[in-house]
Colleague: 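Here it is, the structure in full.
Keep in mind that what you see is a predicted model, and the values were worked out from it rather than measured. Below, chains carry the letters A, B, ... as their sequence lines are ordered, and counting in each starts from 1.
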Number of protein chains: 2
Amino acid sequence: MRAEIVAVGTELLLGQIVDTNSTWIAEQLASAGIDCLFQTRVGDNLERIVEALQVALGRSDAVVVCGGLGPTQDDITREAIAAVMGVPIRRDPGLLAAVEAVFAARGRQMAAINAKQADLPVGAVPIEQRIGTAPGLVCPVGEKVVYALPGVPDELREMVERAVLPDLLSRAGEQAVIVSRTLRTWGTSESGLAEIVAPRLDALDAAGPGAPTIAFLASGIEGIKLRLTVKAPSLARAESALDAEEAEIRALVGEVVFGVDDETMEHAVGALLVARGRTLAVAESFTGGLIASRIVALPGASLWFRGAVVAYASEVKHAVLAVPEGPVVTPDAAAAMAEGVRRLLGADVGVATTGVAGPDAQEGLPPGTGFAGIALPGSPPDAVALRLSGSRERIRQIGTISTLDELRRRLLAET
Amino acid sequence: MRAEIVAVGTELLLGQIVDTNSTWIAEQLASAGIDCLFQTRVGDNLERIVEALQVALGRSDAVVVCGGLGPTQDDITREAIAAVMGVPIRRDPGLLAAVEAVFAARGRQMAAINAKQADLPVGAVPIEQRIGTAPGLVCPVGEKVVYALPGVPDELREMVERAVLPDLLSRAGEQAVIVSRTLRTWGTSESGLAEIVAPRLDALDAAGPGAPTIAFLASGIEGIKLRLTVKAPSLARAESALDAEEAEIRALVGEVVFGVDDETMEHAVGALLVARGRTLAVAESFTGGLIASRIVALPGASLWFRGAVVAYASEVKHAVLAVPEGPVVTPDAAAAMAEGVRRLLGADVGVATTGVAGPDAQEGLPPGTGFAGIALPGSPPDAVALRLSGSRERIRQIGTISTLDELRRRLLAET
């Protein structure tokens, strides 16, 4: 089964927006084991959308089209598909009632222009709209198929998961569901992680087709992700196979895994603090507010986050955080900052960063030098050196997640 | 002149990375007045790269290919272009010396594998590499042309600006250079801005072809950009026409413009503070470190930025920033935070944010309620209401830039 993606929209061709829809769909197709060999972007032009669809259908079994299903004059994906199918368009009374119902449920009168969203190429089957107002379409073209989806990411994603992937798999003759789970890691290199996981990869290879597969996704400042994918006759069987595989991997890699799927490092830290009934204060120098801003991005952070001091000027470190006079890019200064902010903001736990983000050296130290200070109740504060490199922005981002990871490991290590 | 973009890389088809190169190139083509009607992505597969190039050359005059010029076995863009041109590949001794020189300049021995980067389809002209190790290629195909560029964004961008756009324009018969300048604005809606600029747009329309053009680019949390584009016989004439047009627009919109091209709001604030010899301290509640982290992202911020207090818990506002007991999402609390942080961190100027980012209400106020406090030397601190809406993330981002903009306008208003 080969599929292609065609993204429709003049704003894509003008470079005004980045085509993240195609990237997301491509990732889903790859996870489901469906080859995607080409992706095309085309503007809101009937003739050229038709041409893009014909080229794509000429070399693939299925085409996923996104965008151009809205109510305006620019939205002509339906017309292009009808031309490719060689059929007229008709308004579907049931679909019209459904679109009207969406507006009614929001307490709004439907503008006449929206009736267009009930238009279908004859022979196409609608995909019910559950988030937006535009239904998707499943359009047979001979033995092949075109799926049309709205360009709004939330609407598109919901329809791909609910309707497009299952239909593609059933056309591919799969009686199976394919489900993935991502384990997020921090603190090892890709090659180091590959080495640790190698025995399990060998075992899965030996088990042959049908065994779970594992992919490594290097994700920059978000660490390395391990994506486990299983194919099973039912969702329940797939989930249970994923549970078993996750346990195998965790037994090998241990606390390198900080989260699953959408769980970020700050989620992990927050969950540990809440479980221990502790609050946190943060002192930041070269990270300059990045740790605090990641934490505050989490709804519910007020349960465990007191606040932060961005002590950018050295005098602020001395005067506000009671760091002893002397150099400030040292393990001792990091430890003193962590203890100082813990006391100042009345928190149970303090963490701190101090370092050189560049481009210039500071205190004779090169960019990339950095320390994380940790102050836990009942023991003297201390610090670890951070491994940082790259641009100013990258040094600050890596410093942020590394410091949160150090805190996570300390909290895990507490009995 | 019609151009297309072909992005090469299996990682694009698997959805592992987002194709920002195509978006950037598309924007440059649009600015230069070159139509771009299709964009394609294809994997590291010889046959399919050839197919994508042939389809593109069949409908356009020029194709910009990015990716696949590196030294590894996967990098086969050169081979695909040679197949399309119907010519063999040969190693260019001059180019080999140039690639070796790049490694030598970095004090490294060139690994044998890199010699591949000196390979050229016969008839192709190299584009000198000034950042990375791989040269680009200008490859004539009959009357048409394929440009091959490395996939590394910095290398690609430099080559597009220096070599590809001038070559495309000269092929299009343009004896002109096309240059753009972007004015960045904050504080008006797109329709409001369009209304203010309308007289100038009418005048330019009346002036006919050859007059500068103005495009509105709504850029979300970065405001609305006005892109001025001029075509002129020389760079000097183009710059002088841009200067004149910028003056016309600024006369209409005034201090709504906060920066030009890559100048951010924090650049503007920093420049004003440095010019006035003032230092800044920030107190953040719902923005939670975002203001500080944007400021610290600027190299040289240490000249004027003292630091920040993220006073997330209400008790921190009272105990550390001396905000009087009582509700904290009020103009008075914002003003007190600004004054409190100014004193605590020993700065000349203080700014503060307090508000409700959501998803839940706070102090009976809905998400989107927010205030910016400002404390300037020599006058009592005060506060303004912020206009915020959307998700938690959007409320925090809009609150951040709006607060910086308020500070910018206050500093501008000082005599």
Colleague: In terms of heavy-atom proximity below 4.5 Å to chain A, should B:I5 be classed as side chain, backbone, both, or neither?
Modeller: neither
Colleague: Measure distances from A:R294 to the heavy atoms of chain B and classify the residue's part below 4.5 Å as side chain, backbone, both or neither.
Modeller: neither
Colleague: Indicate the atoms forming the closest heavy-atom contact of B:G289 with A:S293, along with that distance.
Modeller: C-CB, 3.9 Å
Colleague: Contact between A:I295 and B:Y312 at the side-chain level, heavy atoms closer than 4.5 Å - yes or no?
Modeller: no
Colleague: Is B:R392 close to chain A through its backbone or its side chain, or both, or neither, when contacts mean heavy atoms under 4.5 Å?
Modeller: side chain
Colleague: Within a reach of under 6.0 Å around CZ of A:R59, are more than 12 heavy atoms found that belong to other residues, nucleotides or ligands?
Modeller: yes
Colleague: Tell me, for B:A281 versus chain A, whether the close heavy atoms (under 4.5 Å) come from the side chain, the backbone, both or neither.
Modeller: neither
Colleague: Examine whether an atom of B:A319 lies under 4.5 Å from a heavy atom of chain A, and if so say whether it belongs to the side chain, the backbone or both; otherwise answer neither.
Modeller: neither
Colleague: Which heavy-atom pair separates A:F286 from B:V296 by the least distance, and what is that distance?
Modeller: O-CG1, 3.8 Å
Colleague: Between B:V18 and chain A, with a heavy-atom cut-off of 4.5 Å, which part of the residue counts as in contact: side chain, backbone, both or neither?
Modeller: both
Colleague: Do you know the tightest heavy-atom contact between A:L13 and B:C36?
Modeller: CD1-O, 3.2 Å
Colleague: Side chains of B:R41 and A:T23: closer than 4.5 Å at any heavy-atom pair?
Modeller: yes
Colleague: Would you say A:L37 and B:N45 make side-chain contact, with heavy atoms under 4.5 Å?
Modeller: no
Colleague: Less than 4.5 Å apart, any side-chain heavy atom of B:D19 and any of A:D19?
Modeller: no
Colleague: Between A:E27, A:E284, A:R396, A:E393, who has the most heavy-atom pairs with chain B when the cutoff is under 4.5 Å?
Modeller: A:R396
